[in-house]
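Report on the structure given below.
Just so you know, residue 1 is the first one in the sequence shown, and it goes up from there. These numbers come from a predicted model, not from an experiment. For ligands, and for the atoms within them, numbers begin at 1 and follow the listed sequence. Below, all heavy atoms of this structure are taken into account, side chains as well, without hydrogens, waters or symmetry copies.
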Amino acid sequence: MPDRPLPPLTDDGAAPRVYAGLPSDTVRVIQVTDPHLYADPSGALLGVPTQASLDAVLDLVRAEALPADAVIATGDLVHDGSTAGYARLRARLGELGCPAYALPGNHDDPAALRAAAHEPPVLSCRDVRLGRWQLVFLDSTVPGQDGGRLSDTELAALDGALDAGAEHALVCLHHPPLPIGSDWLDGMALANADALFAVMDRRPAVRGVVFGHIHQPFEAERNGVRLLGSPSTCVQFAAVRPRFGIDPAPAGYRWLGLLPDGGIATGVRRLPLPTGTVQLDARGY
Ligand SMILES: [Fe+2]
């Protein structure tokens, strides 16, 4: 199913609701990714104040996507690995009124993340069952490296988690399991995607894979499985570039409607304006 456009504004001018018109037993999942928070709440990445940008995106989520069944935060949550950054992330996600599940990216300190996401409503855990669906969370980080790899432990845990008997499953991780057409990002994608796909090929319950890392929307399909990348809640990377490049597009989030028949309705929503003044000539970060 292609990205589903939002219905137009209602007659009274109220914000559109992303889940309008979907079956009542749709599992509603919001993905926020790559917020790159700092210990200093005014910290900025390439000119974008990351906490203010995350806060604005979460306000947009409140306006058009809540209530939801879960929020997933797919890595690069805190750029400097600080305890203060994780504490603020926990506080902000905890205010949304639904469980939030966080996994690490290459910029995170996985131990600090686990310490901050140790109890509801913000958790770092292996999986969760939501109706007919199961969400499975994988750690694709490799200490000291920007690129990702799934360890044998993670791959075995995915295989085992899929034994839980859910009809449909969504796999969540930080690194993309396929090239997206930008050489510099493709050089730090998931190195052993074949191993992930080998598990998925044995497990037809897997209906989708959702990831962060690329700071841009992306969609592909492999053997009927949706592969979905998403904009960052702060800086956006330009699509299809051999070298690092910035896209001035505003920050955003992805909504997913996990349908009872295994289909996935999904779309990306963005703020009306960029947060801060992004450094368009940046050569890296
Ligand atoms: Fe990132």
Open item on the list: Counting backbone and side-chain atoms alike, is an N, O or S atom of His213 positioned under 2.8 Å from the Fe ion (ligand 1)?
Closed with: no
Task: Residues Asp109 and Tyr86: side-chain donor-acceptor under 3.5 angstrom - done: no
Open item on the list: Using a strict threshold of under 4.0 Å (side-chain N to carboxylate O), is an ion pair present between Arg88 and Asp40?
Closed with: no
Open item on the list: Only to 10 degrees, please: what angle do the NE2 atom of His36 and the OD2 atom of Asp34 make about the Fe ion (ligand 1)?
Closed with: 120°
- [ ] Would you give the angle at the Fe ion (ligand 1) between Asp76 atom OD2 and His215 atom NE2, to the nearest 10°?
- [x] 170°
- [ ] Scan side-chain atoms only and decide if Tyr285 and Gln279 contain a donor-acceptor pair under the 3.5 Å cut-off.
- [x] no
Open item on the list: Assess, by modelled atom type and distance only, whether the side chains of Thr74 and Gln31 contain a donor and an acceptor separated by less than 3.5 Å.
Closed with: yes
